[in-house]
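The analysis underlying the following values was restricted to heavy atoms, covering all of them including side chains, and did not include hydrogens, waters or symmetry mates. Every chain is numbered from 1, with letters handed out A, B, ... down the list of sequences. Model, not experiment: these values are computed from the prediction.
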Amino acid sequence: MSWLCRSVWGCSPRNFYTGERNYSHNSSSEFYSSLGLEGFSVADTSGTVEEDTDSAILYGTLRGSIVGLRYYKGVVNNNEMVALQREPNNPYDKNAVKVNNVNGDQVGHIKKELAAALAGIMDNKLAVVEGVVPYGAKNVFTMPVQMSFWGREENKEAVLDQLKMHGFKLAPPLKGKSCTFWISGKTGPTYSAPVHAAVHLTTEQLKSEFDKLFEDLKEDDKTCEMEGAEAVGTLLLPHQKQALAWMVSRENSDNLPPFWEERNNFYYNILTNFAVKERPKNVLGGILADDMGLGKTLTTIALILTNFQDGKPLPVEKITSDKSYEVRWKKKIVSQLIYVLLLNVTSVFSGTASIQSVEKKYSEDGPRTTLIICPLSVLSNWIDQFEQHTSQDFHLNIYIYYGSDRNKDPAILSEQDVVLTTYNVLATDYGIRDDSPLHKIKWLRIVLDEAHTIRNPNAQQTKAVLSLEAHRRWVLTGTPIQNSVKDLWSLISFLKLKPFTDREWWHRTIQRPVTMGTPGGLRRLQSLIKSITLRRTKISKVKGKPILELPERKVLIQHVTLAEEERQIYQSVKKEGKVAINRFFNEGTVLAHYADILGVLLRLRQLCCHPHLCTNTSSSFSVAGSNTPEELRQMLVNKMKLVLSSGSDEECAVCLESLTLPVITHCAHVFCKPCIYEVIRSEQPNASCPLCRSELRVEHLVECSLEEELNSSNGKKGGQEWISSSKINALMHALIELRKENPTIKCLVVSQFTTFLSLIENALKKSGFVFTRLDGSMAQKKRVEAIQCFQSSQAGSPTVMLLSLKAGGVGLNLTAASRVFLMDPAWNPAAEDQCFDRCHRLGQKYNVIITKFIVKDSVEENMLKIQNKKRELAAGAFATKKPSASEIKQTKINEIKALIDL
DNA sequence: ACCGCCGGGTGCC
DNA sequence: ACCGCCGGGTGCC
């Protein structure tokens, strides 16, 4: 199974099974304030060489000299890499370029004539200039430097011109030999232009190498087991004991970090040839990259309780029997309050302060507190799991640093055993200068959960995380690399792995060699990953046995034939839609009528479910006529709102995933808010819509809150007589057969359309099914009730749960069900998979059978084809290439054609 | 720097 | 000599 869950391009602000999407409308909190231009990590569409190193080519090389060595203490070895840095404020020369060694110490300057040529190139980011000192490192006054010029193809001429103006000319790199000696200079023979560095692996090979990268991690010396401390109230599974042993050993380890060797009293970095006298400290931590469902949270809780200082367990308060009741009661309060909190009634939350009154004075010196940072969507999961897995006889001080009344006193925070917070809160605090207590504390340990949220190195969240201080650092993620090696930098940098904390060294030593397929690049990355990562998948084995014996999962497709009357309505709507869409194609206005087209497709999809579903969606097209352009535009925007409010799981054309915080543009196209903000940021000052290239402006974006709309269209149409539909009949037939077979089997009935779920309710009632319901519009308290009720094995408990496709977060556990009926296909297959995993996960006792109802000869069949294409793309390769706006456009147009049979 | 460069001293053979 | 040449002073940007 591949751990590359992403499709080929784009960077989603989240991955498919987690995400900030559960926020819905958080009007009061910091969430929106931090969701500014850099609040999210999103597609990197900017054009400078620094951020777009994947498309950089090597223009050529040039020999120059570093002068002024005697004025600086930075030393270099032969063949060592050096960094060239512009120094525009140098009082002697505004063109100055200083040279630093790997440690960041200044070595000297680039000689002024050469600096004059480089300044313009570097300032305008036309090329990245990298240096290696080939020899002469022991020189007193000057030393040579071999420079490589990297940049985008289109900037090459400009760079060569600039150099030529100053009398320099690049030489091509010598093939074969890696980055060592070239001969070049002001004079010399004319060479033809250098080309791309040789690529030694195809993308396919690279991908499979990547898979192996993690495969090989399993069979290692990471098989020691360790019991958790007494305070861990849950028995750990064997693979969790292994993880605990590994984590404890990493925290207490004194080995050299990867790529460092001891050589006659010096410590050498074999990648950069950099040497230091002091022994470099190892990373006290690493990456726990187990698949979801293997218990990363539990293992981390065990680590916190088991490994405090010198391998001793955390000195937690042992509860005497008379105190026990009080504490348990207070624990309960905390987890209930968090539910309230998630509903945004933040003022109530000041109640958590009371937990501090159950305090105990600790006398340890040094930090005792573990800081856990996670997305809001899993915050309550952490609280639940602490509750579940801490032995009843112990009391942990946990402070949830969240909400407008959060306690910002560092003294209080650093007394806790655990402080839990979210990336957004952290970034918000960090944004307000000097008002971040989290940045004033030196933590015992920091744990980043779902750490891929800090993929974008330029995002505020990433910066906030990287500037925290801690002795031990952990990264928890199910998908360490989502798109490319690039994604690893933030994580590696967080772990304080020298010299990779500096992005230049990461690029030169790992990222570029890997993406360009330089021999040994992958091996390097592998050795790095291997030394700091533990990863097991669901199919990994412990002592020959599968780690988790998950029952089978089968997906069946059941075709449904529409009844004659349904077919007639369907065909007439299709015919009308096809005529209109055909016209758009002929006029070349397909994308201008995007909302209309989505509307047609939506109606067709709804008609496949039930004729009553689409009665509220207007079927009239925006026809040019008496309407002003502004009125027409408004109509389109309204249509888009209607589509979204139906519950349809539409996708964002930028990240190609389900919409997160949908916003509608002036031109009536819809994207994730973070995605479109990133487009605007990177294309400023004049951004254009990725689909139709019309002008894009933040002030024109209309936010579309899904769940509000859902509430207003809640199901039952007044006065309308209940009738069934072919699909409902098919479902009921299956449910009734199943009940005959085994009346205790529980089922999930899933649809994107909550209105459809309401219609199904009628049928369920008629046939006497006991059912419950879970959708996005329900209050948290009701959700919890619905889930508990459904999960119960008591006689008379519901056997059917009506579930909206996207309800609930990562943690939603519906293992009581072993059957899933998916009533309508989603655009995004990952959204379906995530939904299936709610019952096909740890705790599932039976084989899971999923039935997808697909109407024959309908848009649904075409959707299946597109789903398959997407799966292929996602599994194919993790090419680093992003699609251009025109490719996005073309893909969309092709999809529309395929969907409506054109 | 066992260099280059600068500017002052100097001036047939 | 408005030159050449010598040799001392000097030295990143």
| query | Are A:Tyr71 and A:His109 close enough that their ring centres sit under 6.0 Å apart? | reply | no
Identify all pairs in which a protein N or O lies below 3.5 Å from an N or O of nucleotides 2-4 of chain B, and state each distance.
none

| task | Using a strict 4.0 Å threshold on nitrogen-to-oxygen distance, state whether A:Arg697 and A:Glu695 make a salt bridge. | result | yes
| Which residues within residues 101-110 of chain A lie with some heavy atom under 4.0 Å of an atom in DNA chain C? | A:His109, A:Ile110
| Do other residues, nucleotides or ligands put more than 12 heavy atoms under 6.0 Å from A:Lys442 NZ? | yes
| said: Suppose we call a contact any N or O donor and acceptor under 3.5 Å apart; does that hold for the side chain of A:Asp93 and the base of C:dC13? | reply: no
| task | Measure from CG on A:Asn139 to P on C:dC12 and round the result to the nearest Å. | result | 16 Å
| field | CZ/A:Arg523: more than 12 non-hydrogen atoms of other groups inside 6.0 Å | value | no
| message | Nearest whole Å is fine: how far is C:dC13 P from A:Glu87 CD? | response | 12 Å
| query | Under a 4.0 Å N-O cut-off, is there an ion pair linking A:Arg445 with A:Glu251? | reply | yes
| Taking atom P of C:dC12 as reference, at what distance in whole Å does atom CD of A:Glu113 sit? | 13 Å
| From the list B:dA1, C:dG11, C:dC13, which nucleotide is the closest neighbour of the side chain of A:Tyr71? | C:dG11
| Span that lies between the C1' atom of C:dC13 and that of B:dC2, in whole angstrom | 26 Å
| Distance test, side-chain N/O of A:Lys112 to OP1/OP2 of C:dC13, below 4.0 Å | yes
| message | Whether A:Arg70 contacts C:dC12 is assessed here as follows: a side-chain N or O lying under 4.0 Å from the phosphate OP1 or OP2. Is that the case? | response | yes
| field | Centroid distance under 5.5 Å and plane angle under 30°, A:Tyr92 vs C:dC12 | value | no
| task | Answer yes when A:Lys156 and A:Glu153 have at least one side-chain N-carboxylate O distance shorter than 4.0 Å, and no when they do not. | result | no
| query | How is A:Lys98 classified with respect to the nucleic acid when contacts are heavy atoms under 4.0 Å: base, sugar-phosphate, or nothing? | reply | nothing
| Atom C1', compared across C:dA1 and C:dC5: separation rounded to whole Å | 12 Å
| query | Does the cation-pi check pass for A:Lys277 over A:Phe266, that is, NZ or CZ under 6.0 Å from the six-membered ring centre and within 45° of its axis? | reply | yes
| message | Quick check with a 6.0 Å cut-off and a 45 degree axis cone: is A:Arg70 positioned over the face of A:Phe141's six-membered ring? | response | no
| said: I'd like to check, for A:Phe141, whether its ring lies over the base of B:dA1 with centroids under 5.5 Å apart and a plane angle smaller than 30°. | reply: yes
| query | Which nucleotide, in any strand shown, forms a Watson-Crick or G-U wobble pair with C:dG11, with both distances under 3.5 Å? | reply | B:dC3
| query | Excluding sequence neighbours, so at least two apart, what forms side chain to side chain contact (heavy atoms under 4.5 Å, CB included) with A:Ala115? | reply | A:Val97, A:Ile110
